[in-house]
Amino acid sequence: MQLNSGILFKLENIVGQSFVFTDEETRNHYGHDETEDYVFPPHVVVKPSSAKEIAEILKIANQYKIPVVPIGARTGLSGGALSVQGGIGLSMERFNKILSIDEQNLQVITEPGVITQVLREAVSEKGLFYPVDPSSMGSCFIGGNVAENAGGARAVKYGVTKDYVLNLEVVLPTGDIIWTGANTLKNSTGYNLTQLMVGSEGTLGIVTKIVLKLLSKNTHNVLMLVPFYKANEACEAVSAIFRAGIVPSALEFMERDAIDWALEFIEGLSVQVKPEIQAHLLIEVDGNYPEILMVDAEKIMTVVEQFQIDDILFADTEDEKKALWKMRRSIAEAVKANSIYKEEDTVVPRYELPKLLEGIKSIGKKYGFKSVCYGHAGDGNLHVNIIKGTLSDQEWNTEITKGIREIFELTVSLNGTLSGEHGIGYVQKEYMDIAFSKTHLELMERIKFVFDPNGILNPGKILP
Ligand SMILES: Cc1cc2nc3c(=O)[nH]c(=O)nc-3n(C[C@H](O)[C@H](O)[C@H](O)COP(=O)(O)OP(=O)(O)OC[C@H]3O[C@@H](n4cnc5c(N)ncnc54)[C@H](O)[C@@H]3O)c2cc1C
């Protein structure tokens with residue numbers, strides 16, 4: 001498909017000539033995200049700055065049946081922002097303003113192109129707390145978080161993006177602009193279109209304003225790194241901690257290779273790990289009363305000491321805490337720097353984690369691949385990185401797909417599902433039949449049709 005000069009002229013009329021790009025370099029730049037090595041450039045990159053402009057663009061796209069792909073910061077790991085059918089790549093980067101912070105009602109109204117960490121820091125300056133902290137928060141956009149229903153390390157105590165979204169301004173694929181709900185903490189008024197939009201991966205509408213609920217900031221936390229001699233025991237300890245009555249504010253699992261690669265990847269970070277250690281749990285508790293946190297930390301120690309562990313490392317200073325979090329948050333990039341890989345985002349009820357890990361390893365043996373697992377264990381969310389290593393392209397492209405299918409079948413058999421936080425996007429859609437019946441998938445297709453009768457918005461995503 002080529003966009004003719006008449007259509008480009010119309011787009012330039014809407015957003016201004018300097019915000020329409022057809023050169024190869026720009027198209028390639030906006031044609032990839034962080035998903036493996038995929039590149040799907042749009043035919044044209046357009047950078048609007050208002051909901052009204054987006055509405056005009058979508059009306060043209062409908063008239064000429066041109067695909068439109070909303071593009072955030074392109075940190076996505078399921079290929080949601082890839083222009084797999086070409087068309088218009090709609091960059092949201094000019095929607096970069098925090099519109100208001102309401103200290104009376106503990107709410108923030110923001111545009112979607114604000115970097116998540118910038119938003120967290122802006123509300124923090126007012127003593128408020130936006131807890132959702134994806135490891136990519138230094139670069140991803142809050143709009144991308146809404147579209148993917150992003151989580152993060154603190155989700156185990158504070159929940160994921162959906163738990164904070166109160167109301168959204170959305171441009172529908174037809175070019176109509178709506179608010180989905182109200183700026184209230186409760187809402188039983190009609191169908192919940194706000195929550196339908198959250199996690200819809202830019203396939204039902206384009207989010208142009210976001211109202212988020214905020215919390216008050218906690219003052220204290222305790223962070224500890226627990227080395228386990230056996231990886232499966234680290235997984236068993238996860239549910240044991242909750243059963244002991246503790247709700248940590250973070251509970252992260254890291255297999256040995258994940259830590260080793262992260263330590264190699266980051267300069268100047270030193271954590272001593274004995275050769276026999278197979279995995280670590282990074283555990284945080286937070287609150288306002290240090291005495292209570294120490295009691296919680298002691299309870300956690302009592303639980304983990306029932307397993308085979310080495311000395312627990314407590315982060316005493318803010319710098320030590322930052323270093324441990326940096327290590328954890330660098331794992332995804334460290335894996336990427338080490339080998340070609342495919343990342344799956346499995347999630348199960350947390351008590352099933354040991355079975356999931358064991359099953360992944362035996363599927364790996366069957367198909368001859370190595371996997372490096374880490375993730376938000378407190379949520380039962382395990383990122384499975386399948387490493388290409390020395391596998392041939394033939395094995396990588398055929399056998400591994402069968403192995404991934406078995407991993408997802410195992411996940412679903414454990415009452416889990418395909419993705420905890422990264423979304424389905426382009427790369428996982430061929431596995432949707434494992435998680436959903438035909439009836440369920442048809443229902444989703446019909447919902448898509450109601451919103452987007454011409455199928456122009458982010459086509460080729462989510463639905464197989
Ligand atoms: C190193 C690393 C660590 C990560 N850690 C985490 C983590 O801990 N937790 C987690 O949940 N994710 C994590 N991710 C994945 C990724 O950062 C999230 O999915 C994030 O929410 C994507 O935001 P983005 O702005 O980059 O969106 P993009 O990748 O640009 O787009 C993602 C999807 O959102 C849609 N979209 C973007 N903006 C809009 C909009 N305004 N309206 C409608 N649709 C829109 C796109 O069409 C696409 O389908 C990580 C990624 C990396 C690279």
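Read the numbers this way: they start at 1 and go in the same order the structure lists the ligands and their atoms. Remember, it's a predicted structure, so these values are computed and weren't measured experimentally.
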Heavy atom of H376, distance to ligand 1 below 4.0 Å: yes
Donor on one side chain, acceptor on other, T75 and E34, under 3.5 Å: no
Between CG on residue L418 and CD on residue E409, distance to nearest 0.5 Å: 10.5 Å
Residue P70 vicinity, atoms of ligand 1 by number, heavy atom under 4.0 Å: 44 (N), 45 (C), 46 (C), 47 (O)
Approximate separation, where rounding is to 0.5 Å, of Y374 OH and N381 CG: 10.0 Å
Contact atoms of ligand 1, heavy-atom distance to M92 under 4.0 Å: 41 (N)
Closest approach of any protein heavy atom to atom 9 (N) of ligand 1, naming residue and atom: E421 OE2, 3.0 Å
Atom 8 (O) of ligand 1: the protein heavy-atom neighbour that sits closest, reported with distance to 0.1 Å: S135 N, 2.9 Å
Plane angle bin for H383 and H422 - parallel if under 30°, tilted between 30 and 60°, otherwise perpendicular: parallel
Nearest option to atom 27 (O) of ligand 1, as decided by whichever heavy atom of G144, A155, P134 sits closest: G144
Nitrogen or oxygen of R329 less than 3.5 angstrom from that of ligand 1: no
Which residue and heavy atom of the protein sit nearest atom 14 (N) of ligand 1, plus the separation: S136 OG, 3.6 Å
Selected option - heavy-atom contact closest to atom 33 (C) of ligand 1, from E111, E201, E148: E148
Donor on one side chain, acceptor on other, K448 and T203, under 3.5 Å: no
Salt-bridge present (D433, R405; N to O < 4.0 Å): yes
Structural part of N458 in contact with ligand 1, heavy atom criterion under 4.0 angstrom: side chain
Qualifying residues under side-chain hydrogen bond (donor to acceptor under 3.5 Å, both in side chains), relative to D23, sequence neighbours excluded: T26
E34, any N or O under 3.5 Å of ligand 1 N or O: no
Among I424, D33, N149, V207, closest by any non-hydrogen atom to atom 41 (N) of ligand 1: V207
Close N or O approach (G80, ligand 1; < 3.5 Å): yes
Plane angle bin for H32 and H29 - parallel if under 30°, tilted between 30 and 60°, otherwise perpendicular: perpendicular
Side chain, backbone, both or neither: H422 near ligand 1, heavy atoms under 4.0 Å: side chain
Residues in side-chain hydrogen bond (donor to acceptor under 3.5 Å, both in side chains) contact with Y158, at least two apart in sequence or another chain: N218, D286
Of the listed options A147, A332, A73, S139, closest to atom 35 (C) of ligand 1 (non-hydrogen atoms): A147
Polar contact flag for G72 and ligand 1 (N/O pairs, less than 3.5 Å): yes
Over 12 non-hydrogen atoms of neighbours within 6.0 angstrom of OH in Y351: no
E24 and R27 ion-paired at < 4.0 Å: no
Sidechain N-carboxylate O distance under 4.0 Å for R328, E252: yes
Contact atoms of ligand 1, heavy-atom distance to P112 under 4.0 Å: 41 (N)
Close aromatic pair by centroid cut-off 6.0 Å: F95 and F141: no
Candidate list M432, Q428, K429, test side chain to side chain contact (heavy atoms under 4.5 Å, CB included), partner I462, passing option: M432
Numbered atoms of ligand 1 (with element) below 4.0 Å of I206, judged on heavy atoms: 42 (N), 43 (C)
Close-contact set for ligand 1 against A150 heavy atoms, below 4.0 Å: 11 (O), 21 (O)
Donor-acceptor pair between E344 and T346 side chains, under 3.5 angstrom: no
K213 NZ/CZ over Y164 ring centroid, <6.0 Å and within 45° of normal: yes
G151 near ligand 1 by a heavy-atom separation under 4.0 Å: yes
N145 to ligand 1, any heavy atom closer than 4.0 Å: yes
Nearest-contact summary for atom 29 (O) of ligand 1 - protein heavy atom, Å: G76 N, 2.8 Å
Numbered atoms and elements of ligand 1 in range of G205, under 4.0 angstrom, heavy atoms: 43 (C)
Identity and separation of the nearest protein heavy atom to atom 22 (C) of ligand 1: T75 OG1, 3.4 Å
Protein contact of atom 28 (P) of ligand 1 - nearest heavy atom, named by residue and atom, plus distance: R74 N, 3.6 Å
Whether S330 lies under 4.0 Å from ligand 1, heavy atom: no
Polar contact flag for L77 and ligand 1 (N/O pairs, less than 3.5 Å): no
Pair K157-E284, salt bridge (Lys or Arg N to Asp or Glu O under 4.0 Å): steps then yes or no: CA-CA 10 Å; K157 176 170 177 183; E284 184 195 78; over 6 Å; no
Protein heavy atom at shortest distance from atom 44 (N) of ligand 1: G202 CA, 3.3 Å
Nearest protein heavy atom with distance in Å, relative to atom 31 (O) of ligand 1: A81 CB, 3.8 Å
